[in-house]
Participant: 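Provided herewith is a single structure, encoded as C-alpha cells, for subsequent inquiry.
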Amino acid sequence: MTTRPALLLVGDDAVIRNQMKWAFTLAYDLLEASDRAAALSVIRQAMPPLVLLDLGLLPDVKGASEGLAILRETVRLDPTVKVIAITGNSDRAIAIAALESGAYDILEKPVQLDVLKVVLQRATYLSDLEREGRAVREQAGATELEGLLGNSKPMQDLFGMIRRVGPSDVPVLITGESGTGKELVARAIHRLSGRKEAPFVAINCGAIPETLLESELFGYEKGAFTGAIQQRKGRIESAQGGTLFLDEIGDIPFSLQVKLLRFLQDHEVHRLGGKNAVSVNVRVLAATNVDLQEAIKSDRFREDLFYRLCVVTIPVPSLKARGSDITLLARTFLTKFAEAYKKSLKGFTPQAIDALLAHDWSGNVRELENRVMRAVVMAEGRYVNPSNLELKDLSYIDRDSTSLRVARELREKELVRVVLEKADGNVSKAAVELGISRPTLYQLLSRYGIRIPRFTE
Ligand SMILES: Nc1ncnc2c1ncn2[C@@H]1O[C@H](COP(=O)(O)OP(=O)(O)OP(=O)(O)O)[C@@H](O)[C@H]1O
Ligand SMILES: [Mg+2]
C-alpha cells in the first residue's frame, strides 16, 4: 500500500487551485479549503503534514492579515506541519512575518511549479522524519526498556536478549565499546527481574582508587583503619535483595579479584576489620569495554572470576552498526535538549542527516548525545545544520574540485565497514565478499583507520 502525503490547499484563487490539481494530484492526497474556518477544521481532522497557504485571503486580499492568522493557528495546532505560504505581494515585510509565524517557506506569485515541487519534496521528507521520531518515542516510553531506543536489527536482537535474560537470576556480562549504553542495558535487566522493587546499586570499578575500592565494595567495621570512626556497609551489602552492577569490571585490581570471587561463590561478605561474615543475596551484573579474554591471557584478569561473571554475555552493538538508529537517536536527543534549553528547533537539515550517517562515532551514543546537545545550544535557525554539529557538510565536499575522489573514498570506507560488520570481523570472509585480496583489505583498514570488530579470525 502506498500512502500519499496529504496536502491541504488553502485559498480562493481559482488559477492556483487548478494549477495545483493538475500538477500534484498523483503525488499528494489533495484537500481544499477556501477560508479560515474550513482550513482549521480540515487541519484538526486530517492533520495533513503539508499545507499550501495563499496569504491573500478575504477580507484582506491585498495584505496578508487573514493568511497570517491562519498560519499561526495552524502551527499552534500541529507544530510539525509544514506550511508553504504563497503571496501575491512583493512586500518583504509580509515574507518575513510569514517566516516568523512559522511558515516553512514562502513563494511569490506566479508560483513556479518546478520550484514548488522541490520545496514540497523537502518538506515531506522533514515532516516524515519528525513524525516518525515522535511516534517511536511514544511507543518506547511504554515499555520496561524505557530509555533504550532502537529499531535496527542488532538492537531488536539485543532487546530480545534482555527480555529473555531479565527475569532469570543469572549473572550477566555486558560487553561493548564505550558509550554504547551498557549501563542502560543493566538497568533494563534489573527492571525486568523479580528484584525490580529492591535496589539497583552501581559501582564503577575504574573510577575509584584501588585503596578505596575494597572498602567501598565490602564496607568496614569501626576502627578497621585510621579514620574508620563508625561501621559502614559496602555497596555489595546495600544491594541486598536487588542487583549489583559492577561497571568497568576489567579495571578491578588483581588483588581484589580473589575477594570478589569468594563473595560470588559463598554469597557472603566480610567487612574490613570484621570477624563475622554477612550473607548477601544479590544478582551481579558486570560491564566491560575491554576484551577480558585478552586480559586473562596477559594475567590481568582471573579466569575463574570471568566464568563466574559471564554465565550469559550480552554484547551491545556499536552505534555505527545500528544504521538508521543514528538519526532516530539524534532526533530524540534534539527534542530533549531543545525542550531543556527552551529553543524552538524543528529538526535537522538533510545535510545534517547525511553528515550524521557518515560520521565515525567512535564515542558511540554518548558522543552523539553530546554533539546534539552542543548543536542545540549553538543553532541559530529552526534547523540544526552540519556546522552546529561540528561535522563536515558533505554536500560542499561534493562541489569541491576533489569531489570525485572524496566521494569515492567515503563510499569505499563505508562499504568496507559494513561488509566487515556483516562478516563478524572475519577479514578473509570480508575480502572475498568485497572481491579483493586480504592484504589489500588490510591496507584499506589502516588507511581509513577502521578497527576490526571483536570476533576476529
Ligand atoms: N539505545 C539508547 N537509546 C537512548 N539513549 C541511549 C542508548 N544507548 C545509550 N544511550 C545514552 O547514551 C549515554 C551513554 O550510555 P551508557 O552510560 O549506558 O553507556 P556505557 O556503555 O555504560 O558507556 P561507558 O562504557 O562509557 O561507561 C547515556 O546518556 C545513555 O542514556
Ligand atoms: Mg558505563
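When reading the values below, keep in mind they use all heavy atoms of this one structure, side chains included, and skip hydrogens, waters and symmetry mates. All ligand and atom numbering here is 1-based and tracks the order in the structure. Owing to the predicted nature of the structure, the values given are computational and were not obtained by experimental measurement.
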Participant: Do any heavy atoms of Gly150 fall under 4.0 Å from ligand 1?
Facilitator: no
Participant: What part of Val316 sits under 4.0 Å from ligand 1 if we count only heavy atoms: the side chain, the backbone, both or neither?
Facilitator: neither
Participant: Among all protein heavy atoms, pick out the one at the shortest distance from atom 16 (P) of ligand 1; state its residue, atom name and that distance to 0.1 Å.
Facilitator: Gly181 CA, 3.6 Å
Participant: May I ask you to identify the nearest protein heavy atom to atom 23 (O) of ligand 1, giving residue, atom name and distance to one decimal place in Å?
Facilitator: Gly179 N, 2.9 Å
Participant: Quick one: look up the protein heavy atom nearest atom 13 (C) of ligand 1 and list residue, atom name and how far away it is.
Facilitator: Glu369 OE1, 3.5 Å
Participant: Only heavy atoms count here, so choose which of Glu248, Glu177, Arg187, Met155 is nearest to atom 27 (O) of ligand 1.
Facilitator: Glu248
Participant: Before giving the answer on salt bridge (charged side-chain N to carboxylate O under 4.0 Å, His left out), spell out for Glu183 and Arg187 the whole-Å C-alpha distance, their side-chain angles and the decisive distance to 0.1 Å.
Facilitator: CA-CA 6 Å; Glu183 178 153 355; Arg187 288 179 186 279; 3.0 Å; yes
Participant: In Å and rounded to the nearest 0.5 Å, what is the CZ to CG distance from Arg195 to Asp169?
Facilitator: 4.0 Å
Participant: Going through the distances and angles, do Glu369 and Arg366 end up as a salt bridge (charged side-chain N to carboxylate O under 4.0 Å, His left out)?
Facilitator: CA-CA 5 Å; Glu369 193 170 11; Arg366 176 169 298 117; over 6 Å; no
Participant: So if I count the atoms of ligand 1 from 1 in the order they appear, which ones are less than 4.0 Å from some heavy atom of Leu149?
Facilitator: 1 (N), 2 (C), 3 (N), 4 (C)
Participant: In terms of side-chain geometry, is the basic nitrogen of Glu177 or Lys182 positioned less than 4.0 Å from the acidic oxygen of its partner?
Facilitator: no
Participant: In ligand 1, which numbered atoms sit nearer than 4.0 Å to a non-hydrogen atom of Leu329?
Facilitator: 2 (C), 3 (N), 4 (C)
Participant: Any idea which of Lys182, Glu183, Arg366 brings a heavy atom closest to atom 21 (O) of ligand 1?
Facilitator: Lys182
Participant: In terms of residue, atom name and distance, what is the protein heavy atom nearest to atom 4 (C) of ligand 1?
Facilitator: Gly147 O, 2.9 Å
Participant: Given His359, which partner from the list Lys320, Glu367, Lys392 fulfils the side-chain hydrogen bond (donor to acceptor under 3.5 Å, both in side chains) test?
Facilitator: Glu367
Participant: With Leu309 as reference, evaluate Leu264, Thr288, Leu261 under the side chain to side chain contact (heavy atoms under 4.5 Å, CB included) test and give the passing residue.
Facilitator: Leu264
Participant: Does the pair Glu221/Lys275 count as a salt bridge with the N-to-O cut at 4.0 Å?
Facilitator: no
Participant: List the closest protein heavy-atom neighbour of atom 30 (C) of ligand 1: residue, atom name, distance to the nearest 0.1 Å.
Facilitator: Leu184 CD1, 3.6 Å
Participant: Taking the side chain as everything from C-beta on, heavy atoms only, tell me whether Val280 gets closer than 4.5 Å to Phe263.
Facilitator: yes
